[in-house]
Amino acid sequence: MKLWICGRVALLACVLFLPLAAEARYFPSAETMASLLQKRVDNGQAVGIVLGVLEADGSTTVVAAGDAGPGAKALDERSVFEIGSVTKVFTGTLLAEMVRQEKVSLSDPVSRYLPNVAASQSGQAFNITALLSVGGEITLLDLATHHSGLPYSPGNLRPADLSNIYADYSTADMTAFLAVHGLQKQLGVGYEYSNLGVGLLGQVLASVHVSSYEVALREAVFEPLGMDMTGIELNSDMRVWMAQGHNMYGDVVHLVDAPAIPGAGALRSNVRDMLRFLAANVGEPTTPLQQAMRSAQVPQRMIDSNTSIGLVWRIRKTKAANIVTHGGFTLGFRSFVAFDPVQRIGVVVLGNSAQSVDDIGWHLMDSDIPLSPPRAIVKRTEIAVPTDVLRSYVGEYTFDGSSSAITVIKVTLEAGVLFGQPAGQIKYPLYAETASRFFTKAIDAWVTFQRSDDGSVDSLMLSVNGQRLSGKRVR
């Protein structure tokens, strides 16, 4: 395994940040952090990880451990990763900047912009009457705070390739779904995380900018901050430094595409650029863009008793501070960013496998938050199960009272393949490990179907990312 350290001595060669003053160091030494990453790799919890921290004096430290993947350059601060839903905070930042420029307002109804999105992106007409809502029209603020009532993913998402689920989903598909679904905001709907909602917000902002989402971000954010290794399309340097993504079993997977909703999770970046972004988010603002970035951090609504949400950014109250944060994942990468705007410190963790790195970032920001215990992924072997047994599992299962985002799973049998579909999400094929226990290959999850005394299937046990939930069959 390779381990790489870029410490304070070599700071200028690493990220080109000038220290502001000699202050006490908040984060552990480079050697300690590198050891933490190496243990994660050695335990089989990661393929490769690059970690960067921002100190209060503006200095940074970057460490890396593990493997970038077959044919990729060895990991360091230039290595490029998919950042998944961390993309969303850039969408929120773009919204804040366009509000500052008075191009849009947070209270603007989405219906004002949807015809332009449909026309400019897909060439299709849009039925404006479908945007009328019972509870008041959805606004840009609703999209940015996940209060739109739109589902996690569009209901007409039918991916041909489950390893790249949005690749063949077009803006025409999205507008067609919205025309049928409507932007109906049910009374009493609170926080409901929605890739579709923030993806739609990105399309709206791009239409106002009269460009693509990527071009709008490049002009408003990337170029002013010197983020030349961040984008959707890989430029020549990004291509050279692109790491290989790995699924939870360690197999190489290809990069994801999301042409219809790039603002939800299509960006690629590296630790060097992400540290620049965090540095611009802390301390006293010195530019109009930085003023807009501060406004994106202002809490707008509550998620729970300890967590509020700004313009996409989540603000979590801990014993020591209010930490601004977001995480992301794709099928081959994980990402986590967090910062304390008062103490002017921050952390970026990027991994090139599907296993979470969030706990590393949280632990470094607040040592009272423990690291997750080692949990290596077991590679499972698929067996054949008779069709009549598979058919007995078909139905709908509810998770009443669960604290998980999953409330319902629908199980179907299609062309001899069993599928499980959480409400508002895509269908995942279920592969039999035993006659009653099934696993997925896309995420770290398995289900065990359970039978009552009379032999009928009445429930299932779901394990997802180490959390176990019991679901009752209702139909």
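Each residue takes its place number in the sequence, starting with 1.
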Note to self: Check whether T325 reaches the backbone of V337 with its side chain - one donor and one acceptor, N or O, closer than 3.5 Å.
What the structure shows: yes
Item checked: Under 3.5 Å donor-acceptor, T91 side chain and G263 backbone -> yes
Notebook entry, point to check: Under the 6.0 Å and 45° cation-pi test, does R316 pair with W362?
Noted result: yes
Checklist line | Worked verdict on L141 versus L311 for side-chain contact (heavy atoms from CB on, under 4.5 Å) | finding: CA-CA 7 Å; L141 178 62; L311 301 185; 3.8 Å; yes
Item checked: Over all atoms of both residues, closest heavy-atom pair of A338 and I323 -> CB-CG2, 3.8 Å
Margin query: Is there a side-chain contact between V198 and H146 in this structure, where contact means two heavy atoms from C-beta onward sitting under 4.5 Å apart?
Written below: yes
Margin query: With a 3.5 Å distance limit and no angle check, can you tell me whether Q297 reaches the backbone of V324 through a side-chain donor-acceptor pair?
Written below: no
Item checked: Side chain to side chain, F399 and L460, heavy atoms closer than 4.5 Å -> yes
Notebook entry, point to check: What pair of heavy atoms forms the shortest contact from L430 to T440, and how long is it?
Noted result: CD2-CG2, 3.7 Å
Margin query: Walk me through whether V411 and Y397 qualify under side-chain contact (heavy atoms from CB on, under 4.5 Å).
Written below: CA-CA 8 Å; V411 177; Y397 301 78; 3.7 Å; yes
Note to self: Are the side chains of D67 and N352 in contact, using a 4.5 Å heavy-atom criterion?
What the structure shows: no
Notebook entry, point to check: Under the 3.5 angstrom rule, does the side chain of N247 hit a backbone N or O of L331 as a donor-acceptor pair?
Noted result: no
Check: In Å, rounded to the nearest 0.5 Å, how long is the span from CD1 of I49 to OG of S79?
Finding: 13.0 Å
Notebook entry, point to check: Just by distance, do the side chain of Q244 and the backbone of P70 share a donor-acceptor pair under 3.5 Å?
Noted result: yes
Next item on the list: May I ask you to test the V221-E97 pair for a side-chain heavy-atom distance under 4.5 Å?
Entry: no
Checklist line | Pairwise distance CD(E192) to OG(S148) - rounded to 0.5 angstrom | finding: 7.5 Å
Check: Between the side chains of H147 and Q300, is a donor N or O closer than 3.5 angstrom to an acceptor N or O?
Finding: no
Check: Could you go step by step and tell me if S353 and Q355 meet the side chain to side chain donor-acceptor pair (under 3.5 Å) rule?
Finding: CA-CA 6 Å; S353 70; Q355 299 190 62; 4.8 Å; no
Note to self: Is there a side-chain contact (heavy atoms from CB on, under 4.5 Å) between L267 and I232? Walk through the geometry before answering.
What the structure shows: CA-CA 5 Å; L267 287 176; I232 298 173; 3.8 Å; yes
Check: Taking the side chain from E77 and the backbone from G52, do they hold a donor-acceptor pair closer than 3.5 Å?
Finding: no
Next item on the list: Step through the shown structure and confirm whether more than 12 heavy atoms of other residues, nucleotides or ligands are within 6.0 Å of CZ on F329.
Entry: no
Check: Are the side chain of T307 and the backbone N or O of I315 linked by a donor-acceptor pair below 3.5 Å?
Finding: no
Next item on the list: Show your reasoning for whether side-chain contact (heavy atoms from CB on, under 4.5 Å) applies to R268 and E82.
Entry: CA-CA 4 Å; R268 290 104 187 210; E82 290 180 338; 3.7 Å; yes
Check: Would a 4.5 Å heavy-atom cut-off, applied to side chains only, mark W446 and R468 as touching?
Finding: yes
Notebook entry, point to check: Can any side-chain N or O of N43 pair as donor or acceptor with the backbone N or O of K39 at less than 3.5 Å?
Noted result: yes
Check: Just by distance, do the side chain of R334 and the backbone of A354 share a donor-acceptor pair under 3.5 Å?
Finding: yes
Notebook entry, point to check: Can you name the closest pair of heavy atoms from F90 and I83 and give their distance?
Noted result: CE1-CD1, 4.0 Å
Note to self: Minimum heavy-atom separation for L51 and V349, please, with both atom names.
What the structure shows: CD1-CG2, 3.7 Å
Item checked: Distance, nearest 0.5 Å, that separates CG of N195 from OG1 of T87 -> 10.0 Å
Checklist line | Exceeds 12 heavy-atom contacts within 6.0 angstrom, atom CG of D453 | finding: no
Note to self: Please check this pair: side chain of N164 against backbone of H254, looking for a donor-acceptor N/O pair closer than 3.5 Å.
What the structure shows: no
Note to self: Please report the interatomic distance CG(L114) to OG(S207), rounded to the nearest 0.5 Å.
What the structure shows: 8.5 Å
Next item on the list: Working to the nearest 0.5 Å, report the span between OG of S308 and CG of N322.
Entry: 7.5 Å
Checklist line | Parallel, tilted or perpendicular: ring planes of H326 versus Y193, cut at 30 and 60 degrees | finding: tilted
Notebook entry, point to check: What is the distance from atom CG of N270 to atom CG of L275, rounded to the nearest 0.5 Å?
Noted result: 9.0 Å
Check: At their closest point, which heavy atom of V417 faces which heavy atom of P429, and how far apart are they?
Finding: CG1-CB, 4.3 Å
Check: With a 4.5 Å heavy-atom cut-off, do L36 and L371 have their side chains touching?
Finding: yes
Checklist line | ring pair (Phe, Tyr, Trp, His ring centres under 6.0 Å), paired with F438, selected from Y393, Y431, Y428 | finding: Y393
Item checked: Under 3.5 Å side-chain donor-acceptor pair for S456 and R473 -> no
Check: Are side-chain N/O atoms of S153 and Y166 paired as donor and acceptor at under 3.5 Å?
Finding: no
Checklist line | Test: D304 and K317 ion pair at under 4.0 Å | finding: no
Next item on the list: Would you mind reporting whether Q203 and M174 have side-chain heavy atoms less than 4.5 Å apart?
Entry: yes
Next item on the list: For K103 and Y113, work out which heavy atoms get closest and say how close.
Entry: O-OH, 4.2 Å
Check: Do V271 and F81 come within less than 4.5 Å of each other through their side chains, counting heavy atoms only?
Finding: no
Check: Is a side-chain donor-acceptor pair under 3.5 Å present for E214 with S212?
Finding: no
